[in-house]
Amino acid sequence: MAKKSILILGGGVGGLVTANELRRQLPDEHRIIMIDREARHLHNPSLLWLMLGWRKPEQIQADLSKLTHRGIEFVQADIQAIDPEARKVQTTNGEFSGDYLVLALGAQPMPELTPGFIDAAQTPYTLEGAIRLRDALNAFDGGRIVVAVTGLPYRCPAAPYETAIMIHAYLKERGVREKTDLQMVSPEGMPMGTAGPEMAGAVKSMLAERDIPYRPLTNTKSIDAEAHELVLENGERVPFDLFVGIPPHRSPKVVRDSGLANDAGWIPVDAKTLDTKYENVFALGDVTTIPLPGRFNPENPLVLPKAGVFAHKQAEVLAHNLVVEITGKGSPRSFDGFGGCFIELGNGRAGYGEGNFYSSKAPDVTLHSPARRWHWAKELVEKYWLWRWFSSSPQFIKSVGDRILFG
C-alpha cells in the first residue's frame with residue numbers, strides 16, 4: 001500500500017471530524033495534516049450560552065495542538081493560496097501538498113457588508129461578539145431591542161430565532177422583560193424555511209407566545225449608529241437601544257480566488273460524495289453549496305443549510321470513502337442529507353427538529369416538542385464534543401458515545 005497524505009484545510013466541525021476519523025481508520029504510515037489559522041477549536045453552538053453568561057470562553061474551546069498526540073499533524077497558519085489542480089496550498093508557514101485535499105474552511109461572518117454594523121451592532125456569531133453582547137445584556141435595564149438578520153446566507157438556521165427567544169428568557173429572569181420592547185427582523189420569508197412549513201410555523205408560534213413581533217421579508221439597508229436606528233430598504237427607520245445583528249456570511253477570500261467556487265463564492269460539490277470538479281479534491285460543510293432536490297428555483301435556489309450537523313455527517317462519509325479508496329477495503333457510502341438541530345428556549349427547555357433534507361418532494365422534518373430532555377441533550381453533546389475529539393480516552397469508549405449521541 002503506497003503511503004498517502006491527506007491535507008485538510010480548516011479545524012472546525014468538518015475538518016476536525018475528517019482528520020480524527022481518518023487517523024482512527026488508516027494505518028499510521030499515512031500522513032494527515034490539518035491547517036487552520038486559529039490555535040483553538042470553538043464549539044459554536046455554545047456561543048448563545050456564552051451570550052447570557054452561562055458559559056465562560058475557556059469552557060467552549062479546545063487546543064488544536066492536542067491533535068498531534070493522536071498522530072494528526074497540526075499547522076497553525078494563514079492559508080494564502082490554494083492550487084486545487086496540483087493539490088498544493090501556500091501558507092504563512094510555507095507550502096504544503098497532499099495526495100488528497102479536503103476543504104472545510106467554513107463561512108465567515110462579514111459585518112462590514114452592512115453599513116454601520118461594526119459601530120452599532122452586537123452579535124453572538126463570534127467569540128468576541130458574544131462576550132460583548134453578554135456585557136451589553138447584563139447592563140441593559142429596559143428599552144428597545146431589535147434582533148435582525150442583516151443579510152443572507154448565514155450559518156445555523158435556528159440561531160437568530162434562538163437568540164431572540166433566549167434574550168426574552170434572560171430578561172424575564174432579571175425582571176426587566178416587561179420594560180422591554182423586543183422584536184425580530186429578517187429578510188427570510190419564514191424562519192428556518194428550508195426545514196419546511198411545520199418547523200417555520202412552530203418557530204413563529206414560539207416568538208408569538210413570547211410577545212416578540214416577527215417581521216419577515218424585511219431587508220436591512222444600514223444601521224445608523226448615531227441615531228440608534230435600523231434603516232430598512234423601504235426607508236423605514238426602526239429605533240433601538242440595543243441592536244443584536246446576525247451578519248451575512250461569505251466564504252473565505254482564498255476560496256473565492258481558488259477556482260473552486262461558483263459566482264456566489266461557494267464550492268459546488270457532489271451531494272452524496274462531496275467531490276469537487278478537481279480530482280481528489282473534496283469540500284464539505286459551510287463552504288459548500290448543495291441545491292436541494294425538487295426545490296430548485298433559479299431566482300431563489302434552496303440549498304442545504306449551513307449547519308454543523310451536516311458538516312459532521314459529511315465528514316464521516318468522506319473519511320470512510322477515503323479509507324476505502326486508500327486501503328481497497330470496504331464499500332463507499334453516500335451522504336444522505338439527514339440532520340437535526342436543537343432550538344434552545346433559554347429556560348431549561350429546548351426543542352429538537354430532525355429529518356431528511358434530501359427528500360425529493362419537501363423537507364421531511366419532524367419537530368419534537370420543547371422539553372427539558374432536549375436541553376439536557378444539548379448540554380451533553382457540548383461536553384461530549386470537546387471530550388470526544390481532544391481527550392486521550394480509549395477509542396472503544398468514544399465509539400459507544402458516538403452511537404448514543406450521534407446515531
I'd like a table of donor-acceptor pairs (distance under 3.5 Å, sequence neighbours excluded) in which one partner is a side-chain atom from residues 239-251, with atom names and distances.
from	atom 1	to	atom 2	distance (Å)
Asp241	OD2	Arg144	N	2.7
His249	ND1	Pro247	O	3.0
His249	NE2	Arg155	NH1	3.4
Arg250	NH1	Leu152	O	3.2
Ser251	OG	Gly265	O	2.5

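- Among residues two or more places apart in sequence or in another chain, the side chain to side chain donor-acceptor pair (under 3.5 Å) test is passed with Glu162 by none.
- Residues in residues 72-86 take part in these side chain to side chain donor-acceptor pair (under 3.5 Å) pairs, two or more places apart or across chains: Arg31-Glu73, Arg37-Asp78.
- With sequence neighbours left out, the side chain to side chain contact (heavy atoms under 4.5 Å, CB included) criterion links Glu382 to His43, Ser46, Trp49, Arg55, Ile60.
- Once rounded to the nearest 0.5 Å, the distance linking CG of Leu67 with CG of Asn20 reads 6.0 Å.
- Rounded to the nearest 0.5 angstrom, Ile79 CD1 and Leu9 CG are separated by 4.0 Å.
- The aromatic ring centroids of Phe338 and Phe310 lie 6.0 Å or more from each other.
- Checking each of Glu173, Arg177, Glu209 against His168 for a side chain to side chain contact (heavy atoms under 4.5 Å, CB included) leaves exactly one that passes, namely Arg177.
- Applying the salt bridge (charged side-chain N to carboxylate O under 4.0 Å, His left out) test to every pair with at least one member in residues 186-207, sequence neighbours left out, gives no pairs at all.
- Partners of Ser334 according to the side chain to side chain contact (heavy atoms under 4.5 Å, CB included) rule, which considers only residues two or more places apart in sequence or in another chain, are Lys272.
- The cationic atom of Lys306 (NZ for Lys, CZ for Arg) lies less than 6.0 Å from the six-membered ring centre of Trp266 and within 45° of the ring axis.
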Original post:
Under the side-chain hydrogen bond (donor to acceptor under 3.5 Å, both in side chains) criterion, do Asp63 and Ser65 qualify, and how do the steps go?
Top reply: CA-CA 5 Å; Asp63 292 333; Ser65 61; 4.8 Å; no
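- Between atom CG of residue Leu47 and atom OG1 of residue Thr123 there is a gap of 9.0 Å, rounded to the nearest 0.5 Å.
- The distance from the CG atom of Leu284 to the OG1 atom of Thr276 is 11.5 Å, given to the nearest 0.5 Å.
- For the side chain to side chain donor-acceptor pair (under 3.5 Å) condition, the pairs that include at least one residue of residues 340-349, sequence neighbours left out, are Glu344-His375.
- The side chain to side chain donor-acceptor pair (under 3.5 Å) search around Glu229 returns Arg237, not counting sequence neighbours.
- Under a cut-off of 6.0 angstrom, the local environment of CD in Glu58 is crowded, with over 12 non-hydrogen atoms contributed by other residues, nucleotides or ligands.
- Checked against side chain to side chain donor-acceptor pair (under 3.5 Å), Asn219 has no partners two or more places apart in sequence or in another chain.
- From Gln183, atom CD reaches atom CD1 of Ile212 across 10.5 Å, with rounding to the nearest 0.5 Å.
- For Thr150, the side chain to side chain donor-acceptor pair (under 3.5 Å) partners two or more places apart in sequence, or in a different chain, are Thr114.
- For the side chain to side chain contact (heavy atoms under 4.5 Å, CB included) test, residues two or more places apart in sequence or in another chain that qualify with Arg134 are Leu50, Ile131.
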Ignoring hydrogens and angles, write down the donor-acceptor pairs under 3.5 Å from the side chains of residues 94-101, residues two or more places apart or on other chains.
from	atom 1	to	atom 2	distance (Å)
Asp99	OD2	Ser5	N	2.8
Asp99	OD2	Ser5	OG	3.3
Tyr100	OH	Glu325	OE2	3.0

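- Using a 4.5 Å cut-off on side-chain heavy atoms (C-beta onward), Asp336 and Asn356 make no contact.
- For the pair Gln314/Ile290, a side-chain contact is recorded, criterion being any heavy-atom separation below 4.5 Å from C-beta on.
- Counting non-hydrogen atoms of neighbouring residues, nucleotides and ligands closer than 6.0 angstrom, the NZ atom of Lys378 exceeds 12 such neighbours.
- Interatomic distance, CZ of Arg333 versus CD of Glu316, reported as 6.5 Å (0.5 Å rounding).
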